[in-house]
Amino acid sequence: MLDKLAAFSELNLDGHCPLLSGLELSGYVASGIQNCHETVSYREGKEKLTKGMAVIIREGSVAKNLDALAPLITEYSSPLCLLCTDDRNPHEIAKEGHLNYLVKRLIQHHKIKPHLAYRVASWSAAKHFGLRRLGLIAPGYKADFNLMTDLHQVDIQQVLIGGEFVDQLKLAASVSDKLAISAPPLQPSMRHKTVTADELKIDLKTGNYNVISIVKDELITDHLICRFDGCQFTETNINKLAIVERYGHQLPPAMGLVKGFELSQGAIASSVGHDSHNIVAIGVDEESMAQAINHLLTIGGGYCVVQNGKITADLMLPLGGIMSLESSEMIARQIEILKDAAKRIGITVAEPFVQMSFLALPVIPSLKMTVKGLFDVNQFKLIDLRLEPSLTI
């Protein structure tokens, strides 16, 4: 690892260190890492800034850190504060906006001075990443900017890129031709055999189990130890979780338990599962989970909801199982249909599909799921679903 850091020491080294502090954070920064987009609290962000690390303030569809970190932005700190969205889906972009939404919230809700809000959305990022001709309206800089009538309302009227008005470029008319020229690789990428309900069964015995518990508006999870009394868990709203490898190795599904989605029936599944993008499924019963998984295998990847033995909503992602070829407007409408279908099976999470995609990311605390099973990020090792009797509480 140190050799790799040394090999790229002249470049900007992006970090990924949620909850890191003290001497461990100092060592992390000393190794050459220059920023972090996983900061979740004001105290954590302040320590990173005082140690010279840039804090990339994120407001995505699930990870919503803007409100907690907005007080970090001052005249002095703003060059080291940047904005990003990081997994903000087309539905939220259509309904609320993108970086313009973050700027508006900083100004209107947190009373950040407009010049600071716009700075952290433009110049600070360009400066940090060495984009020398971006981020300012000045001689020698690329003419990328917005025209608006009120800085406080962020009411963007027109956008210019390279000095040209975007609404005059007729981009939509050229989409088909550009797509054909790019020759997207649309060959099947879901290479797992059909999954059966029996493969998704968990042999629950009386004892204590490691359970992933989601945290509202965060990518981090809590690690719960829940008791099964032979009939039910002492904790409520625990659903089954499956990760299905989809690259042709034909590994058996890895099974776990998750709390927080609150499914009362059916199942949901996604082939977007950061960063390996295997299939993630959450459900009440094995039959519904198998149906959801197999549907994604059939359509080449995407999202889907199962209720009463039927696929009630889906979104096809045929490009590698993670990208759509439809317009953003069409995707936004389909996501809204998916969300409504998810609510009908009891899901209370505002953005369940992005939330579930991060259950498979084994670099963010505390407990995540991989094709090899449960992964304890804090100990950085695989653990069993059921605790050994000698370790039970």
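Start at 1 with the first residue, then count along the sequence.
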Quiz item: Atom CD1 of I225 and atom OG1 of T234: how far apart are they, to the nearest 0.5 Å?
Solution: 11.5 Å
Quiz item: Does the side chain of T221 reach to within under 4.5 Å of the side chain of V377, using non-hydrogen atoms?
Solution: no
Self-check item: Gap between atom NE2 of H192 and atom CG of L251 - 0.5 Å precision
Solution: 6.5 Å
Exercise. State, with a plain yes or no, whether a side-chain heavy atom of D222 is found less than 4.5 Å away from one of K259.
Key: no
Quiz item: Any side-chain heavy atom of R105 sitting closer than 4.5 Å to one from H110?
Solution: yes
Exercise. State, with a plain yes or no, whether a side-chain heavy atom of Q34 is found less than 4.5 Å away from one of H128.
Key: yes
Quiz item: Is M53 close to C36 at the side-chain level, that is, under 4.5 Å between some pair of heavy atoms?
Solution: yes
Practice problem: Can you measure from CD1 (I214) to CG (L367) and round to the nearest 0.5 angstrom? | Solution: 13.5 Å
Quiz item: Side-chain contact, heavy-atom cut-off 4.5 Å: D198 with E286?
Solution: no
Practice problem: Would you indicate whether E10, at its atom CD, is surrounded by more than 12 heavy atoms from other residues, nucleotides or ligands within a distance under 6.0 Å? | Solution: no
Quiz item: Does atom CG of L2 have more than 12 heavy-atom neighbours from other groups under 6.0 Å away?
Solution: no
Self-check item: More than 12 heavy atoms from other groups under 6.0 Å of NZ on K127
Solution: no
Self-check item: Heavy-atom check, side chain of H277 versus side chain of V272, under 4.5 Å
Solution: yes
Quiz item: Near K216 NZ, under 6.0 Å, is it more than 12 heavy atoms from other residues, nucleotides or ligands?
Solution: no
Practice problem: Test V305 against every option in I337, L315, D340, L338 by the side chain to side chain contact (heavy atoms under 4.5 Å, CB included) rule and name the one that passes. | Solution: L338
Self-check item: Reported CG-to-CD distance for the pair L102 and E96, which is rounded to 0.5 angstrom
Solution: 9.5 Å
Quiz item: Can you check whether D285's main-chain N or O pairs, donor with acceptor, with K240's side chain at less than 3.5 Å?
Solution: no
Exercise. Report, as yes or no, whether the 6.0 Å neighbourhood of atom NE2 on H16 holds more than 12 heavy atoms from other residues, nucleotides or ligands.
Key: yes
Quiz item: What distance do L66 atom CG and I112 atom CD1 have between them, rounded to the nearest 0.5 Å?
Solution: 9.0 Å
Quiz item: Above 12 or not: heavy atoms from other molecules or residues under 6.0 Å from NZ of K104?
Solution: yes
Practice problem: Describe, in one word, how the ring planes of H274 and F358 are oriented to each other, choosing from parallel (under 30°), tilted (30 to 60°) and perpendicular (over 60°). | Solution: tilted
Quiz item: What do you reckon, is CG of L23 surrounded by more than 12 foreign heavy atoms closer than 6.0 Å?
Solution: no
Self-check item: Test salt bridge (charged side-chain N to carboxylate O under 4.0 Å, His left out) applied to E326 - qualifying residues, sequence neighbours left out
Solution: none
Quiz item: Heavy atoms, side chains only, cut-off 4.5 Å: are S276 and T370 in contact?
Solution: no
Quiz item: Has E24 got more than 12 heavy atoms of other residues, nucleotides or ligands less than 6.0 Å from its CD?
Solution: no
